[in-house]
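The block underneath contains the structure these notes are about, expressed in structure tokens.
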Amino acid sequence: MRSIFADRAAMVLAAILFLGLEAVTQGTRFTWPIFTAVLFLLLVGTLVALREELRARGWHVAILPLAYIVSVFLFHLFVSRGPLQQLFIVGVTAGFLLLIARATEWAYPTWTWLFTSTTFFLWSAGLYGLTFHLRFPLWATALGIGGMTALLTYHVVGRVEHTARLRLFWSAVLALLVLETLIVLAFFPVTYVAVGGVLFIVFYLLLHLLQHHLYRQLTRQMITEYVSLAALAVLLILLTAEWQV
């Protein structure tokens with residue numbers, strides 16, 4: 001059972017996230033100092049709020065919440081101002097509250113899958129957005145996406161009873177496969193959202209198959225079904241994406 005302190009801490013952290021995103025939206029000359037202060041408070045506060053889980057289960061428990069915070073702020077840079085941006089802020093704040101308050105508990109693997117996938121999309125789409133719009137070096141974007149892939153994979157695989165060496169091995173394998181996909185997508189003149197969507201599907205597919213493999217539940221029929229659905233989803237994204245010709 002979680003302590004009352006942890007639930008209250010989750011509410012405070014969610015409020016800080018909401019106010020921080022709203023402050024950054026205003027775009028004043030104090031934007032960067034506010035952004036730095038809010039990000040620092042959220043990262044440190046999250047570690048404090050999750051100290052019981054960290055002590056009981058290991059450091060990998062903190063990977064998802066911390067990655068979620070950074071990914072939200074990164075993707076927020078490219079959300080159009082107006083009702084859509086406000087909806088995004090409310091949505092990610094509610095998600096963060098749930099993530100800190102309940103989703104890190106060992107009994108909720110479904111929530112972990114949801115937030116892992118969401119975090120990966122926000123991070124990969126936001127980071128590629130820097131390359132797409134601001135000419136951020138592609139190699140740096142590749143390193144960032146590969147690193148996030150490895151961290152999130154390690155977080156999910158950490159639920160399975162395996163050695164740290166094996167977790168690191170699978171994290172590296174998935175990171176390399178995602179990076180290969182990114183290199184191919186870099187030659188397609190599509191928007192950062194489309195690239196993020198395709199990478200999200202590839203990451204979700206690989207991670208899902210890996211988890212079934214580790215639990216010895218993977219079958220040939222399962223591979224065929226998942227790969228077929230993933231290929232169809234990727235095709236739909238590329239066909240409906242805005243091509244920058």
Side-chain angles (χ1 to χ4, degrees), residues 1-108 110-127 129-130 134 144-145 147-148 151-152 154-156 158 196:
M1 296 294 292
R2 291 177 60 87
S3 65
I4 297 177
F5 167 78
D7 291 333
R8 290 179 177 176
M11 296 179 65
V12 172
L13 289 171
I16 294 175
L17 177 66
F18 178 82
L19 294 176
L21 290 172
E22 288 289 357
V24 172
T25 300
Q26 301 305 315
T28 66
R29 61 192 181 97
F30 301 108
T31 296
W32 283 107
I34 292 174
F35 167 79
T36 304
V38 169
L39 192 60
F40 176 79
L41 286 175
L42 286 172
L43 295 179
V44 175
T46 298
L47 292 176
V48 174
L50 299 178
R51 66 183 185 278
E52 294 180 6
E53 284 84 354
L54 291 171
R55 189 179 301 113
R57 298 165 187 148
W59 65 271
H60 65 85
V61 175
I63 291 177
L64 182 56
L66 298 182
Y68 182 87
I69 294 170
V70 178
S71 300
V72 163
F73 274 98
L74 179 61
F75 190 82
H76 179 261
L77 296 174
F78 302 101
V79 180
S80 302
R81 294 198 174 192
L84 180 61
Q85 190 178 55
Q86 295 303 314
L87 183 63
F88 173 78
I89 292 175
V90 172
V92 297
T93 300
F96 183 64
L97 176 61
L98 179 60
L99 176 61
I100 299 299
R102 289 291 179 266
T104 56
E105 293 184 359
W106 211 245
Y108 295 89
T110 301
W111 288 116
T112 296
W113 268 100
L114 173 64
F115 284 107
T116 299
S117 303
T118 301
T119 299
F120 179 81
F121 170 76
L122 294 176
W123 175 260
S124 58
L127 198 56
L130 294 178
L134 305 177
I145 293 177
M148 183 62 75
L151 285 173
L152 293 178
Y154 191 92
H155 166 75
V156 173

With sequence neighbours excluded, tell me which residues meet side-chain contact (heavy atoms from CB on, under 4.5 Å) with L47.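 Per chain and number, L47 pairs via side-chain contact (heavy atoms from CB on, under 4.5 Å) with L54, A62, L66.
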Would you be so kind as to tabulate the donor-acceptor pairs closer than 3.5 Å made by side chains of residues 114-122, with sequence neighbours excluded?
from : atom 1 : to   : atom 2 : distance (Å)
T116 : OG1    : T112 : O      : 2.6
S117 : OG     : W113 : O      : 2.9
T118 : OG1    : L114 : O      : 2.9
T119 : OG1    : F115 : O      : 2.7

Minimum heavy-atom separation for [X] to [Y], with atom names?
| X | Y | result |
| --- | --- | --- |
| A49 | A9 | CB-CB, 3.9 Å |
| P65 | L50 | CG-CD1, 3.6 Å |
| A10 | I100 | CB-CG2, 3.6 Å |

Counting only pairs under 3.5 Å, give me each side-chain donor-acceptor contact of residues 68-82, with atom names and distances, residues two or more places apart or in other chains.
from : atom 1 : to  : atom 2 : distance (Å)
Y68  : OH     : V92 : O      : 2.8
S71  : OG     : A67 : O      : 2.7
H76  : NE2    : T25 : OG1    : 3.1
R81  : NH1    : T25 : O      : 3.3
R81  : NH2    : T25 : O      : 2.7

Would you say that T93 contacts L97 through its side chain, given a criterion of any heavy-atom pair below 4.5 Å between the two side chains?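 T93 does not reach L97 side chain to side chain.
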Heavy-atom check, side chain of W123 versus side chain of L152, under 4.5 Å: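 A side-chain contact under 4.5 Å is absent here.
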Nearest 0.5 Å, what's the CG-OG1 distance between L41 and T46?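 L41 atom CG to T46 atom OG1 measures 10.0 Å (nearest 0.5 Å).
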With rounding to the nearest 0.5 angstrom, report the CG to CD1 distance, L21 to I16. 12.0 Å
